[in-house]
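For this chain, numbers begin at 1 and follow the sequence in order.
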Amino acid sequence: MAAPLFDASLIDRAVTSALPAGFVLRPLEVTDYDKGFLHALSHLTVVGDISKAAFVDRFAYLKAHNHEYFTIVIEDLAKQRIAAAGTVFVERKFIRNLGLVGHIEDIVTHEDYRGKQFGRYIIDGLKSIGKNAGAYKIILDCAEKNVKFYEKLQFERKEVEMVWYIKGSNKSLAPKL
């Protein structure tokens with residue numbers, strides 16, 4: 001078994017034990033590159049052409065900062081294939097007495113696995129990680145069509161998401177930081 005991105009004990013046992021037989025919810029592992037992690041993400045948005053070496057480099061960075069970055073997956077054990085994934089990152093604030101805020105990102109279920117409640121399991125896993133890491137709240141942005149789904153998972157609508165895209169930026173270039 002490959003080394004996980006972070007300590008799996010941050011995921012509540014009630015979440016991991018709820019999955020159907022043959023599936024496991026766990027931290028991302030470097031071997032998930034070969035299990036279709038990036039392909040699963042492509043069901044959400046543009047991923048790009050990421051080499052295994054580049055994936056390994058990014059994984060190493062995230063692992064070195066595994067007190068902030070928590071990516072989880074649901075693996076189909078029989079097919080050794082990633083069925084769903086999501087990330088929560090923990091921001092350190094000055095407000096709220098140096099509080100911590102969890103930000104949920106990149107929630108995806110591979111199209112072959114939709115209808116199995118994997119999105120709910122991923123969200124429940126990420127909420128448990130945020131709670132166990134000490135966050136005072138966990139936030140996410142979503143499309144209007146997904147609001148009811150997240151409300152069922154105890155999120156409430158608050159404020160408005162805004163975005164500023166940098167014109168002329170080449171998203172295929174490596175980050176400067």
Side-chain angles (χ1 to χ4, degrees), residues 1-33 35-38 40-41 43-45 47 55-77 81-110 113-114 116-143 146-147 149-159 161:
M1 175 182 260
L5 183 61
F6 62 90
D7 183 354
S9 69
L10 286 170
I11 307 169
D12 290 343
R13 178 118 175 86
V15 175
T16 59
S17 64
L19 268 74
F23 294 90
V24 63
L25 186 150
R26 59 168 174 76
L28 182 71
E29 297 173 355
V30 74
T31 56
D32 291 333
Y33 179 89
K35 294 179 181 180
F37 172 69
L38 296 177
L41 284 178
H43 291 271
L44 175 67
T45 190
V47 174
F55 180 86
V56 169
D57 284 347
R58 178 55 50 96
F59 183 90
Y61 176 87
L62 297 177
K63 188 161 179 59
H65 298 89
N66 68 3
H67 59 288
E68 295 174 318
Y69 296 100
F70 306 90
T71 298
I72 59 175
V73 299
I74 294 176
E75 180 183 354
D76 178 336
L77 296 172
R81 182 181 189 192
I82 301 305
T87 297
V88 62
F89 69 90
V90 178
E91 175 189 11
R92 279 143 176 77
K93 309 286 276 183
F94 282 104
I95 63 171
R96 304 275 182 167
N97 202 26
L98 302 178
L100 304 176
V101 175
H103 295 261
I104 290 180
E105 295 282 341
D106 302 336
I107 303 304
V108 66
T109 299
H110 189 289
Y113 295 92
R114 295 196 178 145
K116 298 182 183 301
Q117 299 190 348
F118 287 169
R120 178 176 64 85
Y121 295 130
I122 290 289
I123 292 295
D124 287 347
L126 296 173
K127 285 169 46 180
S128 73
I129 291 165
K131 176 189 70 169
N132 293 330
Y136 73 89
K137 71 178 179 179
I138 299 171
I139 61 178
L140 60 80
D141 296 320
C142 70
N146 295 328
V147 169
F149 170 74
Y150 290 111
E151 286 176 337
K152 288 179 189 175
L153 299 174
Q154 302 175 328
F155 284 87
E156 47 190 81
R157 182 186 291 265
K158 183 169 181 176
E159 301 175 3
E161 170 193 2

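- Judged by distance alone, the side chain of Asp32 and the main-chain N or O of Glu29 form a donor-acceptor pair under 3.5 Å.
- Look at Glu75 and Lys35 and you find a salt bridge, because one of the NZ, NE, NH1 or NH2 atoms lies within 4.0 Å of a carboxylate O, short of that distance.
- For the pair Arg157 (side chain) and Val147 (backbone), a donor-acceptor distance under 3.5 Å is absent.
- Using the six-membered ring where Trp is involved, Tyr69 and His65 have ring planes that are perpendicular, over 60° apart on the 30 and 60° scheme.
- Taking CD1 of Ile138 as the reference point, atom CG of Leu153 lies at 12.0 Å (rounded to 0.5 Å).
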How far apart are the C-alpha atoms of Leu126 and Ile122, what are their side-chain angles, what is the distance that settles it, and do they pass the side-chain contact (heavy atoms from CB on, under 4.5 Å) test? CA-CA 6 Å; Leu126 296 173; Ile122 290 289; 3.8 Å; yes
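- Arg58 places none of its side-chain heavy atoms less than 4.5 Å from the side chain of Tyr33.
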Pair up each side-chain donor or acceptor in residues 93-108 with any protein partner under 3.5 Å, not counting sequence neighbours, and list the distances.
residue: Lys93; atom: NZ; partner: Glu91; partner atom: OE2; Å: 3.4
residue: His103; atom: NE2; partner: Glu91; partner atom: OE1; Å: 2.7

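- Here the side chains of Ile82 and Ile74 are not in contact, with every heavy-atom distance at 4.5 Å or above.
- Here the straight-line distance linking atom NZ of Lys127 with atom CD1 of Ile11 works out to 14.5 Å at 0.5 Å rounding.
- Residue Asp7 holds its CG atom at 14.5 Å from NE2 of His67, rounded to the nearest 0.5 Å.
- Here the side chains of Leu140 and Cys142 are in contact, with some heavy-atom distance below 4.5 Å.
- A distance of 10.5 Å separates NZ in Lys131 from CG in Leu10, rounded to the nearest 0.5 Å.
- The shortest heavy-atom contact between Pro27 and Val73 is O-CG2, 4.4 Å.
- Under the side-chain contact (heavy atoms from CB on, under 4.5 Å) test applied with Phe70, the options Asn132, Ile129, Leu28 reduce to a single match, Ile129.
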Might you work through the side-chain contact (heavy atoms from CB on, under 4.5 Å) test for Arg120 and Lys152, ending with a clear yes or no? CA-CA 9 Å; Arg120 178 176 64 85; Lys152 288 179 189 175; over 6 Å; no
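- Taking the six-membered ring for Trp and the full ring otherwise, Phe23 and Phe118 have centroids separated by under 6.0 Å.
- For the residue pair Ala3 and Lys63, the shortest heavy atom distance occurs at CB-CE, 4.3 Å.
- Under a cut-off of 6.0 angstrom, the local environment of NZ in Lys116 is sparse, with at most 12 non-hydrogen atoms contributed by other residues, nucleotides or ligands.
- For Arg92, the CZ atom counts as densely surrounded, since its 6.0 Å shell holds more than 12 non-hydrogen atoms of other residues, nucleotides or ligands.
- Looking only at distances, a side-chain donor or acceptor of Ser128 sits under 3.5 Å from a matching main-chain atom of Asp12.
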Determine whether Val47 and Phe37 satisfy the following criterion, side-chain contact (heavy atoms from CB on, under 4.5 Å), listing intermediate values before the conclusion. CA-CA 10 Å; Val47 174; Phe37 172 69; over 6 Å; no
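- With values rounded to the nearest 0.5 angstrom, Leu44 atom CG is found 13.0 Å from His110 atom NE2.
- With contacts defined as side-chain heavy-atom distances shorter than 4.5 Å, the pair Leu77/Val24 qualifies.
- Of all the heavy atoms in Glu161 and Asp141, the pair that sits closest is OE1-CB, 3.4 Å.
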Take Phe6 and Thr71 through the side-chain contact (heavy atoms from CB on, under 4.5 Å) test and state the conclusion after the steps. CA-CA 8 Å; Phe6 62 90; Thr71 298; 5.7 Å; no
